[in-house]
Amino acid sequence: MATSAFRAGDPPTSADAGAAHDYALDACFLGPYGENDTLLEKLVVEFLRDHVYWRRNFHPEDPPPIATAAARQPDYLDFEARMRRELHQLSAALKKSVPFHSPRYLGHMVSDLLLPGLAAQMLTLPYNPNNVSEDAAPVTVDLEVQVGLQLARMLGYPHDPREPACAFGHLTSGGTVANYQALRLALALKAFPVALRAAGVGELDLPPDDWSAFNLPREATIALLQRWQDWLAAQPAARRADWQARVEAQRVEQLGLHGFFAAHPQLREPCVLAPVTAHYSWSKGVKLLGLGRDQLELLPTRGMRLDAGALEDALQRHARERRPVLLAVAVLGGTEYGTVDPVDALLAARARSRGRGLDFCVHVDAAWGGYLATLFRAEDGSLRTRAEVGDGFARFPAPEVHAAFAALADTDSVTVDPHKLGYLPYGAGAFICRDHRAMALLAERADYVFHSDAPPDYLARYRSLGQFIPEGSKSGASAAAVYVTHKVLPLDHRHFGRLPRATVRAAEAFQARALQFAGEQAGQVRLIVPFAPDSNLVCVALNPCGNRSLAAANAFVGALHDSLRCDPQQPLQLKEFFGSVTSLRFDLLGAADAARILDALGLDTGAAEEDRLVILRHTLMNPYLIDTQNGISYIAGYFEFLARQIQALLARRAPAAA
Ligand SMILES: *Cc1c(COP(=O)(O)O)cnc(C)c1O
């Protein structure tokens, strides 16, 4: 039977000892114990009543069509009984859910939900706004556009809608769709100058050939789009419609990829560059766009960070071979290791590549790490120095990590997931592009492409959100949740930043404890942290001492994981901790990293029996991992648990080995 062996008296280890209790975090969540239950209950009841008053006040003279006091008819009672029965069954079944709220949960990228977001979402649900357009969501569409500006500020993008080059962001169902939006926008931007040339719009000072048109830098394309709109507006009305039709007929959005590239034999289909650590949403994205997986070129990494040298080589090769590049992706907080790609180096490589005539959009996939940017942002919106950010951490941020976050401001677009490190309910990803004027090229209605003055003001333009986003109908309640959370916890280091601060500190404590644990386990297992974490994901690789077989090591870690994974067949309380696993594929890892890791674990490097190493992966998101109130470290507890599991597994192995 599972017990909390460490609870009796396992004070935080020296690694955790520096942590002081942050009272500001106490009201943020419902809490591991449901500590803030009355607060949430009061909010829910208060705003449910508020909603009912709103219904009644619409036309109080309309009598209630449903009798409110009379004895209920049998059909009513029958319906109510059936509803209650089903709801009770659902509620009972949901008790098997994964306890994301608990500091014993170190598995995937999810934790407790922020109260302001949860309450705002519950409050908004009965109004059921649809953020496809202002007709269906007069309030929450504006909130969504504001969320885009809040996130733009966090990233260092221009965020004043009175500025012509202001950023624009919107919510999506998740990071997957946001990444897809980045691909759509990059294609629209690159193909538009080619369409203008093909339509024969001669008076606009267009690039001399298709290759240079497809490689026009983003800023130049946006300037060209504006020149075209102004030029068109100056044409006599009769010719205007004619020109519109001619340009529309040449756009990739009209012709499709096949038709477009068939019409421009000088251009080959473009590729998308991303590190091998890229999330599989990129594979989905290139398939959805119709480019196909062959056009997704995965670049090698070093220590799970994009290898800038390999990127430079690829760009030089593509320039030589005249292979267009649509988009290059940097990952800010990798899904498996939380590592941060050198965004600054990617931008520098693009600057050099522009000199060779090869240009592309730069997108940062910060679905996981996006909210870490709050640590880098001062209250006045300025960037904090590395020394300022590092105050209170052992190592964070590495100089490269600080440089990557500082460089965000110069990228073209970013994906951020409020439903990951934003601690908000699922269904909330976000796409943010640096210059909103590019969005006109995605609009379903041609007006936006053909009139610079089509809805004049920023907010008015984006109230027809459905014009620009991949989705149609979508939840306004989700936008309300994100907006209210960002208002309660502004996206700077003093407010929202408290959350990532707690988790990065927990990750540092976890790593320190893992290394100490490696010493304690000497003679039993060899244990390493294969990649120094850049943020708050820490992986641990281990192998029983004396074992040289990769297959046996993987089986060992697999058996450890069995005690850490969700198992609906067992009572939840039998689980002491939740963790996850990932595998290091040697073909993606690169020879040097693979040899280093296998050697440190004492595994045979030559044997090709398996193509991957299975390792434990820990997401340290819960703000209460180090419970200063009760003097409990769940991190220390986790390693005690791991020690017991390792002991039991080794004991089971021993007779067989003897
Ligand atoms: C989670 C994740 C995604 C996908 O986001 P969803 O919200 O699951 O669609 C994309 N990229 C990275 C780096 C991620 O961590």
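Start at 1 and go down the list; that is how both ligands and their atoms are numbered.
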May I have every N or O pair linking ligand 1 to the protein at under 3.5 Å, one per line with atom names and distance?
from     : atom 1 : to     : atom 2 : distance (Å)
ligand 1 : 5 (O)  : Gly175 : N      : 3.3
ligand 1 : 5 (O)  : Asp417 : OD2    : 3.2
ligand 1 : 7 (O)  : Gly175 : N      : 2.8
ligand 1 : 7 (O)  : Asp417 : OD2    : 2.6
ligand 1 : 7 (O)  : His419 : NE2    : 2.7
ligand 1 : 9 (O)  : Gly175 : N      : 3.2
ligand 1 : 9 (O)  : Thr176 : N      : 2.8
ligand 1 : 9 (O)  : Thr176 : OG1    : 2.6
ligand 1 : 11 (N) : Asp365 : OD1    : 3.2
ligand 1 : 11 (N) : Asp365 : OD2    : 2.7
ligand 1 : 15 (O) : Thr335 : OG1    : 3.1
ligand 1 : 15 (O) : Lys420 : NZ     : 2.8

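- Interatomic distance, CZ of Phe168 versus CG of Leu151, reported as 11.5 Å (0.5 Å rounding).
- Val488 is not listed as a side-chain neighbour of Leu114, based on a closest heavy-atom distance of 4.5 Å or more.
- Contacts of Arg395 classified as salt bridge (Lys or Arg N to Asp or Glu O under 4.0 Å), with partners at least two apart in sequence or in another chain: none.
- By the salt bridge (Lys or Arg N to Asp or Glu O under 4.0 Å) test, Arg386 pairs with no residue at all, sequence neighbours left out.
- In this structure, a donor-acceptor pair under 3.5 Å is present between the side chains of His170 and Gln181.
- Within the structure, salt bridge (charged side-chain N to carboxylate O under 4.0 Å, His left out) contacts touching residues 577-589 (residues at least two apart or in different chains) are Arg585-Asp587.
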